[in-house]
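One structure, pasted below without further comment.
Quick note: numbers below take in every heavy atom, side chains included, and nothing from hydrogens, waters or symmetry partners.
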Amino acid sequence: MKKVFCRPKSMTDTVFHYCAGCGHSITHRLIAEVIDEMDIRGITIGVPPAGCAVLAYKYFNVDMIEAQHGRGPATATGIKRMLPDRVVFSYQGDGDLAAIGIAESFHAANRGENITVVFINNAVYGMTGGQMAPTSMLGQKTTTSPAGRASLLDGHPIQISEVFTLLPGTAYIERCTVNSPAAILKTKKAIRKAFEYQLDCRGFSLVEILSPCPTNWKMTPIESNRWIDEVMSKKFPLGVLKDLPAGEAKKGGKTP
Amino acid sequence: MNKVLMQGNKVIGEAAILAGCRFYAGYPITPQNEIPEYMSERLRQVEGGVFIQSESEIAAIHMVVGASAAGARAMTSSSSPGISLKQEGISSLAACQLPAVIVNMMRGGPGLGNISPAQGDYFQATRGGGHGDYRVIVLGPATAQELADLTMDAFDLADAYRTPVMILADGMMGQMMEPVVFKEPKPRVYPERHMMRGAGTGKHKIIRGLILDPLEMEEHNWTLERKYRVIAQQETRHELYRAEDAELILVAYGTGARIAKGAIKRLREMGIKAGLFRPITLWPFPTAELRELAKRNKDFMVFELSTGQVVEDVRLALQGYARIGFHGRPGGVVPTPAELANVIIRQYDPKQGIAEHQ
Ligand SMILES: Cc1ncc(C[n+]2csc(CCOP(=O)(O)OP(=O)(O)O)c2C)c(N)n1
Ligand code: SF4
């Protein structure tokens, strides 16, 4: 009989610690499938964050170096500049990328570092217990915005992907989600494209993924998936936000 | 190699290049700007060299983490406030057992402070500096020649012990020009197995500071501690200057030691037999060597460009076996040898010994 579904080779045989319905586990699998399909396991180096994905190094069967909270793109920069022919990805949550690590992320993108960032936007700080994130929705109740996020006190949800499109160093930016089988397939294609752009030295690629956090949203997994469609994606519209044609790509982030 | 006249900051840059440093990231701050400037030019000229002017000191040190993991000899430099920002990454380097060289050209502080030479970061440097239970090897050069030699040695030590090494100097050392001869660097010894370059067809590698299980974390802490003990036993360095017949031993490092040497000349002209004990490794502090001196010397005088940091290590070393006097000037004030000599004359009576610092 033909085997049609198995664990990707780029994944270890380890049970995820993620909550039921969490988007991290789906995304991990997609990345591993892409690495397998592109046959780049041996040349890939991943940089997991501080956040719920802090243990990602246990799940990927590729070289992994844990970054401090928010510093992934800086660490990835150091690796990629020394090893330009490796595929380097940084995996980050919204607190990691859009708050504490905004400078590292923004400047890596602006330098056109030839790396890929997989950005899990779940509108909360998952790991630390559901505090407000820079991407929390207006009115969203979290453990540090008990009355709901108020723009005058807390600012507005940051649309990282839109902001990053303005930087000439970015080559490819797409916002996806993992709340339905169709969306998951689309996300996989986006991750693959981002890795392919990196192999083609086109510059910085970013895949933002609207990702359910049922635990901290205090919803069931099904309600969470619905909330992404009905609320989150209104502020964070899905789709390709930037796709530089090959000729125009900046070939950034390279040391001559 | 020929003798050249060179500014301290550039000496560090050149020594790093000669030692095989191929990655530098840093953010401008006075009084060390000549280091990134020099590196930006030299790293363009050598094969495989990478220079990045980072968006902050935090980014710089985490770039160094990545470059070091990838197998490069990597360096960053800054001055006091910037070194505070780097501490997260230095702690990470220590935890992950990654080699790197960090230069701190100290300035007056705390806070933004000023840009004058000071030694107020001694505690920060010699006590680890960031969070967690770790140490950093700290070298305290006192001449441009030592900037060259110790920068090269720093890379070797970092590799040998897979740990961050700090060059701790100050604006005076960085700005001053002196003649230097660059020694022949040793060939690098750093096994490929420590480098993260993609798993190939083999097992994947993990570099991490995160260890959630307390017992495992404890074991990692002890592993580091065992390494630090070996360093403390094998790597201490110090210089003795006119100490053979000395009755009073000054203890000072870096710029402070230069001033102390001038003061010693003056004191000797006045008939006071003074000598110098100069720690070159600030961590590990040459504790045993200093204690050895206390077998015959009962009077020590600590001098530093801070309010009393080195003096604590001297107390720990001498453990009450000798009298300890103290003079310090913080904030970027650089006292003259004459001032130090005058202070010593007031505090030291050859018959009664040094007035003890409380
Ligand atoms: C310097 C520092 N500050 C704070 C933390 C604590 N911390 C760990 S993860 C995290 C936020 C995680 O949120 P996010 O990045 O959105 O990822 P998620 O857990 O939601 O996937 C925080 C604040 C830390 N590890 N380091
Ligand atoms: S807390 Fe949220 S982000 Fe973290 S594992 Fe659970 S569902 Fe996922």
Backbone of A:Asn61 reached by a side-chain donor or acceptor of B:His204 within 3.5 Å: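 Not a single qualifying donor-acceptor pair exists.
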Considering all heavy atoms, the nearest A:Arg81-B:Phe51 contact: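 That would be NH1-O, 4.3 Å.
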Flag if over 12 foreign heavy atoms under 6.0 Å of NZ, A:Lys58: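 Counting other residues, nucleotides and ligands, NZ of A:Lys58 stays at 12 neighbours or fewer.
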Backbone N/O of B:Lys205 and side chain of A:Asp63: donor-acceptor pair under 3.5 Å: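 Present.
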Within 6.0 Å of OH in B:Tyr27, more than 12 heavy atoms from elsewhere: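 12 or below, so no.
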Euclidean distance, A:Arg86 CZ relative to B:Met196 CE, rounded to 0.5 Å: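 It is 11.5 Å, given to the nearest 0.5 Å.
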Largest heavy-atom contact set with chain A, pairs under 4.5 Å, which of B:Arg208, B:Lys203, B:Glu55: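 Ranked by contacts with chain A, first place is B:Glu55.
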Side chain / backbone / both / neither for A:Val54 at chain B, heavy atoms under 4.5 Å: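 Both backbone and side chain of A:Val54 come within 4.5 Å of chain B.
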Note, A:Ile65 side chain near B:Ile206 side chain (heavy atom, < 4.5 Å):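 They are not in side-chain contact.
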Any residue of residues 63-85 of chain B which, by heavy atoms, sits under 4.5 Å from chain A: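 The stretch touches chain A at B:Met63, B:Val65, B:Gly66, B:Ala67, B:Ala69, B:Ala70, B:Ala72.
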Shortest non-hydrogen contact from B:Thr201 toward A:Arg41: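 In terms of heavy atoms, the two residues are closest at C-NH1, 4.1 Å.
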Spacing of OG belonging to B:Ser91 relative to CD belonging to A:Gln68, to within rounding of 0.5 Å: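 One finds 6.5 Å between OG of B:Ser91 and CD of A:Gln68.
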Contact origin within B:Ile52 toward chain A - heavy atom pairs under 4.5 Å: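 Side chain only.
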Nearest atoms (heavy-atom pairs only) where A:Ala74 meets B:Ala59: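 Taking every non-hydrogen atom into account, CB-O, 3.6 Å.
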Exceeds 12 heavy-atom contacts within 6.0 angstrom, atom NZ of A:Lys189: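 Atom NZ in A:Lys189 is not packed in, count stays at 12 or less.
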Side-chain heavy atoms of B:Glu88 within contact of A:Arg71, under 4.5 Å: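 B:Glu88 vs A:Arg71: side chains touch.
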Nearest-0.5 Å distance, CE of residue B:Met195 to CD1 of residue A:Ile79: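 B:Met195 CE to A:Ile79 CD1: 14.0 Å, rounded to 0.5 Å.
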Residues of residues 93-110 of chain A contacting chain B, heavy-atom criterion under 4.5 Å, by residue number: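 Heavy-atom contacts from residues 93-110 of chain A to chain B are A:Ala103, A:Glu104, A:His107.
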Heavy-atom side-chain proximity of A:Tyr57 to B:Ile207 below 4.5 angstrom: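 No, every pair of side-chain atoms sits at 4.5 Å or beyond.
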